[in-house]
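So the structure is just underneath, and the comments pick up after that.
Quick caveat, the model's predicted, so the values are computed rather than measured.
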Amino acid sequence: MSETSAEALLSRLESHQDLDLADTLRLIMDWLRPEDVSRGVAAVVNRIEQLGIALDDHPALRERLRERMASELETARHLTLYTEIGLFSRRGFLREFAERLYERLNPRPLDHSNLKDVLAHVFHDPKDAQWVAALPNDAWWRLLEGLGCLSSESGRITRRAREEVLYALEMLAVWVAAEELEPEFLRLDPSIAKRHSAFVALQRELAGYVEAYRAWLSGDIEAFDDDKHVHVLIEQCREQLATFHKRAVTRGSSISLTHLLERLNQTLTRITTLLDVLDPSDTTARRRAAAGLFRELVIRNARRNSLRALWQENIKLLSRSVTQQASETGEHYITTDRAEYLGMLKSGAGAGLIIAFMALIKIHIEALGLSAGWNTLWVSLNYGLGFVLIHILHFTVATKQPAMTAARLAAAIEETEKGTASPGKLADLLIQVGRSQFAAVLGNVGVALPMAILVGWLYAQLLGLPVLSPEKAGYQLDKLSPISGLALFHAAIAGVWLFVAGLISGFFDNRSAYLNLPGRLHAHPLLGRILPERTRARFADYVGHNYGALAGNFFFGVLLGTTGYLGYLLSLPLDIQHVAFGSANLGYVAATRLDALLALLPYFLFVLLIGAVNLWVSFSLALYIALRARGTRIGAMDRLLKAYLTRIRERPREFLLPPSRQQTRQDQP
């Protein structure tokens with residue numbers, strides 16, 4: 001912030017009477033701008049008060065300044081200020097992204113007769129959004145009133161501003177009505193094409209409101225027709241918008257759809273704000289709304305050409321749909337009673353059985369002495385097809401749970417933010433999640449380890465050779481070591497791939513819903529010639545409903561299989577460690593050392609540590625993304641922790657073992 005006084009600022013304004021509106025306001029804002037935007041709000045408020053006092057002491061200069069600004073504000077174009085800044089473009093995401101990129105590389109010259117460009121010229125510092133957002137509305141209103149902008153003392157500016165706001169309302173209402181013709185919206189809800197949709201009704205009501213408002217301003221009518229019915233229709237439009245969001249979860253979303261949904265939401269919000277600015281029934285509320293709109297425009301203007309902001313806003317909305325798919329799936333990975341718990345235990349045991357043989361196949365592939373590329377291909381196929389088989393047989397890999405259960409937990413936290421869930425319910429959900437994952441891990445490890453020992457022993461008895469040579473057995477043990485073998489680091493890499501696989505699964509589930517994959521497969525002409533009706537219907541339903549899970553499992557295997565090859569190419573110690581495969585590998589080592597099983601006990605603990613890292617990394621990443629996508633966070637952490645510890649203290653047995661179904665029903669409200 002400049003150290004010059006308000007008197008010096010007025011002197012500069014007086015000596016540069018040739019300055020236009022944009023340059024005049026820029027000079028004032030440069031004087032107000034704090035040097036430290038994080039701590040300079042009080043100083044800005046003080047400067048505004050000094051400027052007001054200085055203008056009062058120089059009434060002639062104040063009047064000339066107001067007259068200069070009034071004449072230019074009266075002739076300037078206001079419309080784009082209200083209809084463009086802060087609203088997504090109607091050109092669509094890709095075109096807007098391309099135009100923002102071009103604007104960054106080759107910016108157009110600013111038009112000082114357009115208030116949208118005036119705003120960009122005045123608030124040119126990238127940090128302006130920070131201090132402008134922190135400055136109270138009252139301070140902005142005092143500044144605007146002191147300068148004669150939109151104040152009751154300057155009727156010309158007020159009348160012009162009202163006319164432009166009314167015109168902006170008309171244009172925004174037309175845009176809202178036109179949204180129902182978007183194919184994406186018609187796909188989600190064909191009923192909006194009816195003549196009496198909320199969007200068209202809002203446009204008609206706003207047109208009548210604007211006409212009545214103008215008649216009231218001109219004195220043709222005495223009674224002012226309030227906007228209550230307009231607000232009712234806006235709420236109906238928002239209900240329709242909520243319907244779009246819900247159906248996008250089951251019918252699929254896309255970047256273009258999320259762009260449309262957010263643009264419609266922004267437009268409805270802007271209409272509401274402009275109505276508040278026009279409302280003559282409460283002067284204080286009207287001024288507060290006007291100052292708030294001004295602050296919003298300044299903040300949004302600072303991000304007008306930001307590629308990162310555009311990308312983040314759209315991806316955040318799209319990722320919500322993807323994580324919502326995971327949340328729906330996550331319901332199936334959470335057990336609440338003993339029957340479900342035993343089912344999860346059996347499901348994990350089935351996966352452990354298959355993983356024992358997958359580990360055996362991998363050992364044989366690596367023993368073939370293939371080149372790095374071919375070895376990676378066959379190992380990836382072994383992992384990928386093995387995980388697909390596990391899913392087809394309805395078994396459960398324990399580490400696949402976190403990406404799904406984290407999304408479900410995020411959904412519950414979002415409900416808490418809205419006041420429909422309590423910390424106690426969240427604590428119960430956390431206990432259920434932890435207990436369910438314990439059952440799946442117990443099933444995986446509890447079967448993979450002894451099955452590998454049994455297979456390894458039978459292998460040696462039948463073929464006369466151990467599965468692993470002493471050198472290979474030592475190598476497998478070394479890989480399980482947290483220090484010399486970097487096992488925990490490699491477990492963290494596997495945790496990242498587990499998280500990525502969850503996103504892949506959600507993405508393909510979303511694509512299946514968006515494309516109506518079951519319907520396409522059922523009506524596919526080729527399938528119609530080779531499969532009977534009932535078989536085709538079952539095939540279409542299965543692929544459509546399991547598309548994401550099949551893709552996520554396969555690509556998870558590919559990610560695991562290619563990590564070592566990536567490390568080979570980059571000359572980095574990259575590899576993966578997975579708790580189920582680690583336990584199977586330990587089992588094959590134990591089959592060669594049956595006389596020294598106690599010596600392998602520390603390595604079993606290492607396997608459990610690997611599992612903990614697998615689960616912690618994948619769950620943390622998945623929960624973070626799910627919370628970001630939903631725009632929420634874990635609030636009142638102390639209350640949640642207290643409720644969690646209380647539940648464990650009251651029912652310590654349920655930390656690892658579930659209650660009976662009867663007890664579960666008694667606990668339900």
Side-chain angles (χ1 to χ4, degrees), residues 25 28-29 32 34 40-53 55-56 66 69-70 73 78-79 81-87 115-116 118-119 122-123 128-169 172 206 209-210 213 216-217 224-232 234-235 238 265-303:
L25 291 176
I28 295 173
M29 290 305 153
L32 286 175
V41 174
V44 176
V45 173
N46 183 51
R47 283 291 177 100
I48 291 175
E49 294 177 353
Q50 292 179 29
L51 181 59
I53 295 173
L55 287 171
D56 289 338
R66 286 185 173 182
M69 298 183 67
L73 283 172
H78 296 223
L79 181 64
L81 190 67
Y82 310 126
T83 59
E84 291 188 15
I85 296 180
L87 305 181
L115 288 188
K116 175 187 172 184
V118 170
L119 197 69
V122 173
F123 296 96
D128 279 339
Q130 299 180 38
W131 66 271
V132 167
L135 203 61
N137 284 348
D138 291 344
W140 281 119
W141 186 259
R142 289 198 301 272
L143 175 63
L144 295 174
E145 189 175 40
L147 297 175
C149 304
L150 306 180
S151 68
S152 58
E153 299 177 31
S154 181
R156 292 160 54 191
I157 300 178
T158 302
R159 286 194 299 270
R160 178 60 191 278
R162 282 175 174 171
E163 291 172 0
E164 293 294 316
V165 170
L166 288 170
Y167 185 45
L169 279 175
L172 293 173
L206 267 174
Y209 171 83
V210 169
Y213 199 104
W216 175 72
L217 287 177
F224 173 72
D225 189 12
D226 61 44
D227 56 5
K228 291 182 179 179
H229 191 54
V230 178
H231 283 287
V232 171
I234 290 175
E235 286 306 309
R238 291 195 180 278
N265 177 63
Q266 291 171 346
T267 305
L268 293 173
T269 301
R270 181 58 53 84
I271 289 174
T272 302
T273 302
L274 294 181
L275 288 172
D276 293 340
V277 171
L278 288 173
D279 187 6
S281 61
D282 189 338
T283 302
T284 301
R286 186 174 71 252
R287 289 189 170 191
R288 183 167 57 248
L293 174 62
F294 172 73
R295 291 169 64 244
E296 179 190 355
L297 293 175
V298 173
I299 295 169
R300 294 288 186 175
N301 168 75
R303 308 176 70 187

Going through the distances and angles, do Gln266 and Leu87 end up as a side chain to side chain contact (heavy atoms under 4.5 Å, CB included)?
CA-CA 6 Å; Gln266 291 171 346; Leu87 305 181; 3.5 Å; yes
Carefully, step by step, assess Thr83 and Glu164 under the rule side chain to side chain contact (heavy atoms under 4.5 Å, CB included).
CA-CA 10 Å; Thr83 59; Glu164 293 294 316; over 6 Å; no
Looking at every heavy atom in both Ile299 and Ala133, which two are closest together, and how far apart are they?
CD1-CB, 3.4 Å
Using 30° and 60° as the class limits, which term best fits the ring planes of Tyr82 and His78: parallel, tilted or perpendicular?
tilted
Working to the nearest 0.5 Å, report the span between CD1 of Ile234 and OG1 of Thr269.
9.0 Å
Identify the heavy atoms of Ala289 and Asp276 that sit nearest to each other, and give their distance.
CB-CB, 3.7 Å
Can you see which heavy atom on Asn301 is nearest to which on Lys116, and at what distance?
OD1-O, 4.4 Å
Which heavy-atom pair separates Leu275 from Leu169 by the least distance, and what is that distance?
CD2-CD1, 3.9 Å
Any chance you could lay out the side chain to side chain contact (heavy atoms under 4.5 Å, CB included) test for Arg47 and Gln50, step after step, and finish with the verdict?
CA-CA 5 Å; Arg47 283 291 177 100; Gln50 292 179 29; 4.1 Å; yes
Interatomic distance, CD@Glu84 vs CZ@Arg300, rounded to 0.5 Å, equals 14.5 Å
Between CD1 of Ile53 and CD1 of Ile48, what distance do you get to the nearest 0.5 Å?
12.5 Å
Side chains of Leu274 and Leu293: closer than 4.5 Å at any heavy-atom pair?
yes
Does the side chain of Leu172 come within less than 4.5 Å of Leu206's, by heavy atoms?
no
Do the side chains of Tyr213 and Val165 get nearer than 4.5 Å, heavy atoms only?
no
Closest non-hydrogen atoms of Leu278 and Tyr209, given as atom of the first, atom of the second and distance, are CB-OH, 4.2 Å
Do the side chains of Val277 and Arg162 get nearer than 4.5 Å, heavy atoms only?
no
Which value, rounded to the nearest 0.5 Å, describes the distance between Asn46 atom CG and Leu32 atom CG?
10.5 Å
For the side chain of Arg295 and the backbone of Leu135, is there at least one donor-acceptor N/O pair under 3.5 Å apart?
yes
With side chain to side chain contact (heavy atoms under 4.5 Å, CB included) as the test, would you mind laying out the steps for Leu25 and Leu119 before giving the verdict?
CA-CA 9 Å; Leu25 291 176; Leu119 197 69; over 6 Å; no
Minimal non-hydrogen separation, Leu79 against Ala168, with atom names:
CD1-CA, 3.6 Å
